[in-house]
S.K.: 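The structure under discussion is supplied below as structure tokens; questions concerning it will follow.
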2 protein chains.
Amino acid sequence: MMTEHPQRRTTRQRIAISEFLAHADDFRTAQQIHEQLRAGGDGVGLATVYRTLQTMTEAGDVDMVRTQEGESAYRRCATHGHHHHLVCRCCGRTEEITAKVVEAWATTIAAQHGFTDVTHDVELHGLCERCSAARV
Amino acid sequence: MMTEHPQRRTTRQRIAISEFLAHADDFRTAQQIHEQLRAGGDGVGLATVYRTLQTMTEAGDVDMVRTQEGESAYRRCATHGHHHHLVCRCCGRTEEITAKVVEAWATTIAAQHGFTDVTHDVELHGLCERCSAARV
DNA sequence: TGCCTTCATGAGAATGATTATCATCTAAAT
DNA sequence: ATTTAGATGATAATCATTCTCATGAAGGCA
């Protein structure tokens with residue numbers, strides 16, 4: 001079963017979720033998406049949000065990561081390039097960073113250990129300039 | 001927070017968990033530890049397992065990773081100090097790796113963006129040698 | 001040794017995210 | 001318009017993890 005592409009229907013809900021992710025430039029949890037869509041008038045059931053996100057992940061349309069708190073967060077696949085985040089643990093400010101060094105390193109390490117098909121998650125957490133200053 | 005060492009008492013339960021981890025050479029979830037300890041006669045409450053694991057993680061005695069299923073898995077630190085993991089997404093085999101390159105890169109990037117007090121999470125996921133072969 | 005203070009434990013309730021259920025709805029094909 | 005298989009959503013069910021709180025036990029001290 002499911003060897004063939006299951007039929008995908010374009011519904012109001014899927015469009016809403018897709019649109020939402022297109023405008024979000026960061027990772028969002030299913031709960032956040034659900035809440036914000038509801039607040040925006042385009043009410044979508046929580047179960048639908050989860051189902052859709054899962055489907056989109058399997059289809060490779062979105063990336064999924066696990067937060068430190070154990071929640072799943074999703075974002076639209078960066079079709080152009082893969083990058084990482086530098087997040088302020090105080091105010092949440094986020095900067096996207098790219099790292100050829102890390103990419104290269106990951107590939108090398110993987111090869112050394114005999115691993116194939118390797119992906120990597122790299123996140124930096126710290127205090128941004130403003131929060132560093134505020135702390136004195 | 002945690003500037004001072006809170007008092008730690010050596011109890012039968014903590015010893016049991018510690019021993020268990022000392023003999024396990026792989027990541028184990030709190031649930032598994034709880035179940036196996038119970039099966040082995042050294043019954044330890046589930047809440048205690050969680051609390052102890054959390055304490056040990058904060059103390060840097062064990063490593064914690066999130067499985068793809070969203071569970072927390074723990075293992076006693078083999079390498080003392082800071083390191084990363086290379087995890088097989090198929091069988092769960094894990095290798096600890098250290099990366100001076102990455103440390104250096106993180107420090108540099110942080111400085112470039114004006115961030116201070118930076119920590120980083122780096123996890124590699126792939127298919128280990130055995131699983132790569134099995135897949136053909 | 002016996003007492004005391006404080007931390008630790010554990011059974012069970014509470015929480016919170018994710019998944020399953022299932023009656024109802026609807027996109028898309030005919 | 002009719003049909004039909006996929007989609008939805010309110011709600012119940014799961015499951016890992018955390019909280020509650022009465023009870024137990026380390027370790028210090030007299």
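Numbers restart at 1 for each chain; the letters A, B, ... are given by sequence-line order, proteins then strands.
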S.K.: Determine the contact category for A:Ser72: base if any of its heavy atoms lies under 4.0 Å from a base atom, sugar-phosphate if only primed atoms, P, OP1 or OP2 are that close, otherwise nothing.
M.R.: sugar-phosphate
S.K.: Applying a 4.0 Å non-hydrogen cut-off, can you work out what B:Gln54 is touching in the nucleic acid: base, sugar-phosphate, or nothing?
M.R.: sugar-phosphate
S.K.: Go along nucleotides 10-15 of chain C 5' to 3' and tag each nucleotide: B for a protein heavy atom under 4.0 Å from its base, S when only backbone or sugar atoms are that close, - otherwise.
M.R.: BB----
S.K.: State, to 0.1 Å, how close A:His120 and A:Glu103 come at their nearest heavy-atom pair, and which atoms those are.
M.R.: CE1-OE1, 2.9 Å
S.K.: Calculate the interatomic distance between B:Asp42 atom CG and C:dT9 atom C1'; express it in whole Å.
M.R.: 15 Å
S.K.: Can you tell which of A:Leu37, A:Ile15, A:Val44 makes a side chain to side chain contact (heavy atoms under 4.5 Å, CB included) with A:Phe20?
M.R.: A:Leu37
S.K.: Do other residues, nucleotides or ligands put more than 12 heavy atoms under 6.0 Å from B:Glu35 CD?
M.R.: no
S.K.: If I take atom CD1 in residue A:Ile33 and atom C1' in nucleotide D:dG9, what distance separates them, rounded to the nearest angstrom?
M.R.: 17 Å
S.K.: Roughly how many Å is it from CD in A:Gln32 to C1' in C:dA17, rounded to a whole number?
M.R.: 13 Å
S.K.: Step by step, would you call B:Tyr74 with B:Thr57 a side chain to side chain contact (heavy atoms under 4.5 Å, CB included)?
M.R.: CA-CA 8 Å; B:Tyr74 306 80; B:Thr57 300; 3.5 Å; yes
S.K.: So which protein nitrogen or oxygen atoms get under 3.5 Å of nucleotides 24-26 of chain C's nitrogens or oxygens?
M.R.:
none

S.K.: Between A:Leu53 (CG) and C:dA17 (P), how many Å, whole number?
M.R.: 15 Å
S.K.: Per the side chain to side chain contact (heavy atoms under 4.5 Å, CB included) rule, which among A:Ile33, A:Val62, A:Ile17 passes with A:Thr52?
M.R.: A:Ile17
S.K.: Kindly say whether B:Thr29 contributes a backbone atom to a donor-acceptor pair with the side chain of B:Gln32 at under 3.5 angstrom?
M.R.: yes
S.K.: Are any of B:Thr11's side-chain N or O atoms less than 4.0 Å away from OP1 or OP2 of C:dC7?
M.R.: no
S.K.: Could you give the distance from CG (A:Leu21) to CD (A:Glu19), rounded to the nearest 0.5 Å?
M.R.: 10.0 Å
S.K.: Provide, to the nearest angstrom, the distance between the CZ atom belonging to B:Arg8 and the C1' atom belonging to C:dT6.
M.R.: 15 Å
S.K.: From CD1 of B:Ile15 over to C1' of D:dA25, roughly how many Å is that when rounded to an integer?
M.R.: 13 Å
S.K.: Would you say C:dT18 has OP1 or OP2 under 4.0 Å from some side-chain N or O of A:Tyr50?
M.R.: yes
S.K.: Between C:dA17, D:dA16, D:dA26, spot the one nearest the side chain of B:Thr10, thanks.
M.R.: D:dA26
S.K.: Do the non-hydrogen side-chain atoms of B:His85 and B:Phe27 ever get within less than 4.5 Å of each other?
M.R.: yes
S.K.: A:Thr52 or B:Ala73: which one's nearest nucleotide on DNA chain D is closer to the 5' end?
M.R.: A:Thr52
S.K.: Rounded at 0.5 Å granularity, tell me how far CD in A:Gln54 sits from OG in A:Ser72.
M.R.: 9.5 Å
S.K.: Nearest 0.5 Å, please: how far is CZ in B:Arg51 from CE in B:Met56?
M.R.: 14.5 Å
S.K.: Given atom CZ of A:Arg14 and atom C1' of C:dA28, what is their separation to the nearest angstrom?
M.R.: 13 Å
S.K.: With the side chain counted from C-beta on, respond yes when A:Leu53 and A:Met64 share a heavy-atom pair under 4.5 Å apart, and no when they do not.
M.R.: no
S.K.: Indicate, with yes or no, if the rings of B:Tyr50 and B:His34 have centres closer together than 6.0 Å.
M.R.: no
S.K.: Output the rounded distance in Å from CE (A:Met56) to C1' (D:dA7).
M.R.: 15 Å
S.K.: Restricting to nitrogen or oxygen on both sides, can you table the protein-nucleotides 28-30 of chain D pairs closer than 3.5 Å?
M.R.:
none

